[in-house]
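Have a look at the structure below, then the notes.
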Amino acid sequence: MSLNRVSSLETFAVLHADQRSRRSSDASARDRKLSFNPLPQEWDPVFPTLDTVHAVGAFEVPKWKRMLQVTVTVIYCLFAAGVVFGYAAIKPVLKHEGAYKEICSAQSAVSEHTCVEMHLNLMFTVAAVTTNVAALPIGAILDHYGPRVCGLLGSLFLAIGAAIMAFENRVPFDGLLFGYLFLALGGPFTYISSFQLSNAFPRNSGLVLALLTGAFDASSALFLVYRIVYEKSEGAFGHRKFFVAYLIVPVLIALCQCFILPAQSYKTVGELVEEIEEPLPSPQASDQIDEHTALLQEEERQHRASVIEGVHDLLGSAKADKQAKREERKNEISGVWGVMHHATAWEQIKSPWFILICAFTVIQMTRINYFVATIHPQYEAIFHSPAKATELNNFFDIALPLGGLISIPFIGVFLDHNSTPRVLAALVTCATVIGIFGIIPQSWAAYANICLFVLYRPFYYTAVSDYSAKVFGFRTFGTVYGTIICLSGLFNFSQSGLDYLFHETFHGNPVPVNVMLLSAGLAIGIALVAFATTKAKAMRRKVLESEAEGAFRETRWD
C-alpha cells in the first residue's frame with residue numbers, strides 16, 4: 001500500500017538579487033513547490049501556461065474557516081482515505097458470508113479453500129494496485145484543475161464502490177472485486193487533494209500534514225469496527241447493510257467540497273514570497289501618466305502592501321528566516337540533496353538513483369501487501385492453530401492504524417536529523433529483522449513482527465517520498481515518485497503467484513515465500529545503501545574541496 005506522504009509541500013531556495021524576477025529566475029516557486037503532475041514540464045503543453053491567479057493566500061480567508069476546512073478534511077479522510085487497507089479485518093466477514101464459494105465449488109484446479117483465498121486476495125491486490133497507479137492521473141488532475149475536482153471525483157468513486165459492494169450478488173460481474181477497486185480509487189482522490197491545506201496554516205503545516213497522514217493510517221480501522229459490530233450482531237448486520245450505510249460518507253464529502261473547502265489550492269509561502277519580490281512596473285515619465293495609469297499603479301502598490309502584511313501575519317519574517325535556515329540545515333544533513341535536481345525527468349529515471357530505489361520499493365511493497373493479505377493463513381500454518389492465528393490477526397487489526405499514529409511524530413524527526421544513506425540503512429535493517437521475525441515459530445517473535453511491521457510501514461513510504469524529493473527535486477516529484485509507485489503497484493499482481501506457491505507448491509508453508517522476498521529485498525537494499533553512501537561521500541569531498549579552493553583564493557586576494 002502506498003500514497004504520497006510528504007513532510008513539506010515546498011522547500012526554500014536562496015535567491016540572489018538577479019534572480020528575483022519570476023520570469024528570469026530558475027529557482028522560482030514552481031521549482032520550490034512540490035508537483036504531483038506525472039508529466040514532466042517539457043512533455044506537458046498545459047503546464048507552462050498554468051498560473052496561480054485562481055489560488056488564494058491563506059490570509060485572504062478567515063481563520064475560523066480555514067480551521068473548519070482542516071477539521072472536516074481530517075474527519076472525512078478518517079472514513080475514506082485508506083479504508084481498503086483494513087482488508088485483514090473485513091476478510092473474515094466476507095468469508096463467513098460465503099464470498100466466492102459458488103465460483104470455487106465448481107473449480108477443480110485447486111482446493112475450494114485455496115480458491116477462495118486467492119479470489120479474496122486478488123480483490124485486495126487489485127485495490128492496492130489501483131491505489132498506486134491512481135497517483136498518476138490524480139497528480140495531473142490536481143495540478144491542472146485543483147483540489148475540489150479531485151475531491152468530487154473521489155466522492156463519486158467511493159459512492160460507486162460502496163453501491164457495488166452492497167449489491168455485489170446482483171451485478172453481472174465480480175462485484176466484490178470491482179466494488180473494492182472503486183473504494184480504493186476514491187481514497188487517494190480525497191487524500192492527496194487534501195495536502196494543499198497545509199498551506200492554510202504555514203506555521204503549523206507539519207501538524208496539518210501529520211493530522212492528514214494520521215487520518216489516512218487510522219482509516220483502516222473502519223473495517224475493524226465493522227467486524228466487531230458484525231460479530232456482536234451475530235451476522236445480522238451483514239456487509240450489504242454496512243455499505244448501504246457507508247454511502248452517507250461520499251455524500252458528505254461532496255457537500256463539504258461544494259460549500260466548505262476551497263476550489264483551488266492555497267498559495268504556498270514560496271509563491272507568496274515570489275509575488276512580493278517581483279519588481280513593480282517601472283514608473284513612467286510624468287508626461288505619459290494619465291489618471292487610469294496612476295490608478296492602476298496605486299492599486300498594485302496597495303495589493304503588494306496587503307500581501308506583505310498577510311505573509312507576515314501568517315509566518316512572520318523572523319519565523320520565515322528560521323524556517324529557511326532549518327530547511328538548509330536539513331538539506332546539508334541529507335548528504336545527497338540536489339544530486340539530480342538539474343537533470344531531466346528521463347535522465348533521472350535512467351539513473352542508478354532511480355533504478356535501485358524503484359527495485360527496492362517493488363520488493364518491499366509486495367512484501368507489505370502480501371503480509372496484510374495473508375497474515376491469518378501464514379500464522380495458522382506456522383503455529384498449526386486457527387485460534388492462535390485469529391488472536392494474532394485481531395492484534396494486527398488494532399495495531400495497524402495505531403502504528404501509523406504512533407510513528408508519525410518520530411518519522412519526521414528521524415528523517416530531518418539523519419543522512420539519506422543512514423535512513424536507507426535503517427530501512428534495510430528493519431525490513432530484514434521483520435523478515436526474520438516472520439519465520440520464527442514463537443509467539444514473542446510473531447508479536448514483535450507485527451509491532452515492528454506496523455511502525456515500519458509508514459516509515460518506509462514516508463522515507464521513499466523524502467528520498468525522491470531530496471534526490472530528484474520537487475519539480476519532477478510527480479513524475480519520478482509516481483513512476484516508482486506505479487511500477488511497484490503493478491508488480492503487486494505477482495501476489496497471485498505467491499499465493500499459489502504458498503498454498504499449492506509449498507503445501508501451506510509460508511516460510512519459503514517469505515525467505516525469497518527477504519533475500520531479494522536484502523540484496524537490493526545492500527546495493528542501494530552502498531551506492532548512496534559512496535555518492536554522499538563523493539559529494540561531501542567535492543564540497544570540502546570547493547570550500548578549500550574558495551578560502552585559498554580569498555587568502556591570495558587579501
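Scope of the values below: all heavy atoms of this structure, side chains included, with no hydrogens, waters or symmetry mates.
In this structure, Q69 CD and Q196 CD are separated by 8.0 Å, a value rounded to the nearest 0.5 Å. Once rounded to the nearest 0.5 Å, the distance linking CZ of F531 with CD1 of I357 reads 11.5 Å. Summarising the geometry, atom CD1 belonging to I253 is positioned 11.5 Å from atom CD1 belonging to I75; distances are rounded to the nearest 0.5 Å. Rounding to the nearest 0.5 Å gives a distance of 10.5 Å between CD1 of I141 and OG of S193. A distance of 6.5 Å separates CD1 of I434 from CZ of R367, quoted to the nearest 0.5 Å. From I363, atom CD1 reaches atom OG of S494 across 8.0 Å, with rounding to the nearest 0.5 Å.
Remark: F493 CZ is packed, more than 12 non-hydrogen atoms of other residues, nucleotides or ligands lying under 6.0 Å away. Other residues, nucleotides and ligands place no more than 12 heavy atoms under 6.0 Å from the CZ atom of R422. Atom CZ of F79 sits in a sparse spot, with 12 or fewer heavy atoms from other residues, nucleotides or ligands closer than 6.0 Å. Few gaps surround CZ on F395; more than 12 heavy atoms of other groups in view lie less than 6.0 Å from it.
No side-chain N or O of Q378 forms a donor-acceptor pair with one of Y370 less than 3.5 Å apart. Side-chain polar atoms of T361 and Y461 form no donor-acceptor pair below 3.5 angstrom.
Using cut-offs of 30° and 60° for the angle between ring planes, the F124 and Y87 rings count as parallel.
Here the shortest heavy-atom pairing between A88 and N393 reads O-ND2, 3.6 Å. Among all heavy-atom pairs drawn from S468 and I484, the shortest one is OG-CD1, 3.9 Å.
Under the 4.5 Å side-chain criterion, counting only non-hydrogen atoms from C-beta, V471 is not in contact with F354.
Taking E391 as the reference, Y447 meet the side chain to side chain donor-acceptor pair (under 3.5 Å) condition, with sequence neighbours excluded.
Aromatic rings of F396 and F371 (six-membered ring for Trp) have centroids within the 6.0 Å cut-off, being under it. Centroid-to-centroid, the aromatic rings of F437 and F453 stay 6.0 Å apart or farther. Here Y460 and Y456 bring their ring centres to under 6.0 angstrom of each other.
When atom types are taken as modelled, the side chain of S519 and the backbone of M516 share no donor-acceptor pair closer than 3.5 angstrom.
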